[in-house]
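Residue numbers start from 1 in every chain, and the chains themselves are labelled A, B, ... in the order their sequence lines are given, proteins ahead of strands.
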Amino acid sequence: MGYQRGLVPFSCNEVTNAVELQEQRSELETLVRAYGEVLALFSFMHLGLREPGMNLLFAQLSCRAADILESVGQGGDRRRRLAATEHAARHLGRARSDLLQAQRAFEGRLGRQSTELLRLLTRASLELKRASALLGTMTFDASGCCAGPLFANAEETHGSAFRLGA
Amino acid sequence: MGAHSVWVLEYAQSPVHPVSGVYYGAHNQGTMNLPFAYILIRTADAVALVDVGHDANDFGGEIANSIGVTGWTSPDIVLGECGVRPEDVTHIFITHAHFDHIGGLKFFPNAKIFIQKKELESWMWILAKGRRFRSLLAGLNPADILYLTQANIEGRLELLEGTREDVLPGIHLYPAHDTHTAGSQYVVVQNGGSDDRLVLSGDVVYTYRNLTGDDQLDPCFVPPGLANGSQTKLIQAAEEMLGIVGNDERRIIPVHEEKLAQFYPSRLSDHGLRIVEICVADGERSRV
């Protein structure tokens with residue numbers, strides 16, 4: 001079964017107006033974003049490991065990833081889930097497991113075993129994609145993206161000439 | 001006629017792109033149609049792309065949806081209009097790492113990829129700084145970096161540090177650092193003599209209006225509104241491009257320019273996508 005969010009938007013809505021469901025979904029969405037950021041950090045670290053002169057930021061990226069993983073802790077697994085969020089939590093648990101394995105590989109400088117590390121990161125990416133599809137959220141934080149959400153930034157037309165302050 | 005054929009291939013469009021994103025200082029001027037495209041260069045021995053679009057089924061598609069991009073069409077269909085299959089592509093020149101320029105790498109399994117090292121280092125720096133700096137991550141799909149990593153493992157990634165002349169015969173890559181992004185680059189195609197050059201500008205120049213402003217008789221540089229780097233550097237890079245083409249603005253090819261079809265032959269595909277033919281090599285047939 002595929003998760004083609006671009007074609008078939010999907011989210012779990014079996015339970016509506018349930019405060020607990022909203023809380024759990026919000027918590028899981030936070031986890032998706034956190035793991036997404038770790039995945040981004042690890043992807044760059046992996047690239048940096050193999051490129052001479054590009055690994056100067058490796059330690060900073062590593063620290064940031066460790067901070068994120070520590071801050072989110074085991075949040076995804078810490079209590080019984082409603083059916084609507086259990087599936088997403090399972091995918092997030094797998095993503096976390098893959099990311100922690102990748103973290104250990106980086107710490108042991110085993111990152112040079114590139115194929116295995118790439119496999120872990122690719123699998124984590126897929127699990128995150130599945131979790132975000134189930135939750136109806138984005139894998140990565142796009143809140144600062146481009147012009148921002150389209151309709152929140154709709155611009156009215158008030159003229160056609162450039163006015164650059166002159 | 002010359003050694004290179006060049007086509008601009010639209011693969012999607014945003015009918016409601018804010019004008020202020022395209023032109024610095026153009027506030028409250030509504031929205032405009034912005035084509036999303038990549039450029040195909042065909043030579044006797046190589047098939048090259050300048051940028052690769054995005055994948056609508058990946059996070060890049062979500063970014064695209066959030067800014068009103070519609071009509072995404074897969075590269076096999078888009079390139080098929082010029083008789084090229086994605087697996088035929090041998091070289092990819094990434095102008096910068098925004099999702100709509102790098103996100104389609106997965107479709108081209110055999111291509112060698114060229115990108116400025118500074119482009120990736122800058123994203124690393126931003127990521128290391130943390131969430132408060134996330135506005136600088138605008139347009140980046142972190143998942144695209146995984147594909148770069150994979151290409152690197154496969155020996156298909158080359159990180160450039162500045163200019164690379166003749167990356168293919170008659171095709172040159174020039175840095176435009178600290179402009180649209182920290183490590184942007186643009187492509188120069190030299191077809192015959194030194195006066196027969198094209199500049200494929202990436203997003204350093206979005207449209208011809210970036211080069212002229214509103215009055216072509218009294219031109220004024222108006223740099224792109226969306227930029228991580230400096231407006232001054234954007235203008236300097238645009239001036240550099242104009243110098244390369246002898247101030248013939250039409251030989252600068254902005255990939256998001258809807259009006260290209262006014263200056264070059266073109267047609268619409270069955271999918272409603274514009275194919276613009278910039279030049280056709282000796283022995284190659286027209287595709288429009």
Side-chain angles (χ1 to χ4, degrees), chain A residues 2-7 36-37 39-48 50-51 53-54 56-65 67 114-115 117-118 121-122 125 128-129 132 138-151 153-165, chain B residues 14 16-21 23-31 55-59 61-68 72 98-99 117 120-121 123-125 127-131 133-146 148-150 152-153 157 159 161 213-214 220 222 226:
Chain A
Y3 293 87
Q4 296 181 306
R5 292 207 62 244
L7 301 176
E37 188 172 351
L39 178 64
L41 290 161
F42 282 173
S43 297
F44 276 102
M45 284 165 62
H46 191 201
L47 195 57
R50 294 175 54 88
E51 280 298 324
M54 245 187 97
L56 296 175
L57 290 164
F58 187 95
Q60 291 177 51
L61 293 172
S62 177
C63 285
R64 171 120 190 91
D67 286 348
S114 300
T115 308
L117 193 47
L118 180 64
L121 297 179
T122 302
S125 176
L128 278 177
K129 196 172 176 182
S132 61
M138 289 190 178
T139 312
F140 301 105
D141 186 355
S143 60
C145 179
C146 302
L150 175 66
F151 297 109
N153 286 272
E155 290 208 31
E156 295 179 10
T157 302
H158 291 300
S160 60
F162 289 114
R163 294 188 178 86
L164 299 177
Chain B
S14 171
V16 289
H17 201 83
V19 174
S20 58
Y23 307 111
Y24 175 69
H27 306 299
N28 297 317
Q29 292 189 27
T31 57
D55 177 6
N57 294 315
D58 201 343
F59 178 67
E62 296 178 350
I63 301 177
N65 290 341
S66 77
I67 58 171
W72 181 87
H98 281 161
F99 78 97
K117 181 187 274 192
L120 299 179
E121 286 175 334
W123 297 113
M124 292 172 78
W125 176 81
L127 276 167
K129 298 296 279 184
R131 277 185 60 76
F133 287 72
R134 67 186 181 278
S135 62
L136 290 174
L137 290 172
L140 177 71
N141 174 7
D144 294 336
I145 305 308
L146 272 183
L148 278 185
T149 303
Q150 182 173 336
N152 198 15
I153 290 171
L157 176 66
L159 300 180
E161 296 183 73
D214 273 348
C220 169
V222 181
L226 177 63

Among B:L146, B:I153, B:I145, find the residue that satisfies the side-chain contact (heavy atoms from CB on, under 4.5 Å) test when tested with A:H46.
B:I153

Closest heavy-atom contact between A:R64 and B:G130?
NE-CA, 3.2 Å

Taking side chain as everything from C-beta outward and backbone as N, CA, C, O, which of these in B:W72 sits under 4.5 Å from a heavy atom of chain A? Side chain, backbone, both or neither.
neither

How far apart are the closest heavy atoms of A:S43 and B:T149, and which atoms are they?
O-OG1, 3.6 Å

Least distance between heavy atoms, A:K129 atom then B:N57 atom:
NZ-O, 2.8 Å

Could you tell me which portion of B:L127 (side chain, backbone, both or neither) has an atom closer than 4.5 angstrom to a non-hydrogen atom of chain A?
both

Check A:E37 against B:R131 and note the closest heavy-atom contact, atom names and distance.
OE1-CG, 3.8 Å

Interatomic distance, B:Q150 atom CD to A:T115 atom OG1 [nearest 0.5 angstrom]
9.5 Å

Per-residue tally against chain A (heavy atom, under 4.5 Å) across B:L148, B:N141, B:N152, B:D58 peaks at B:N152

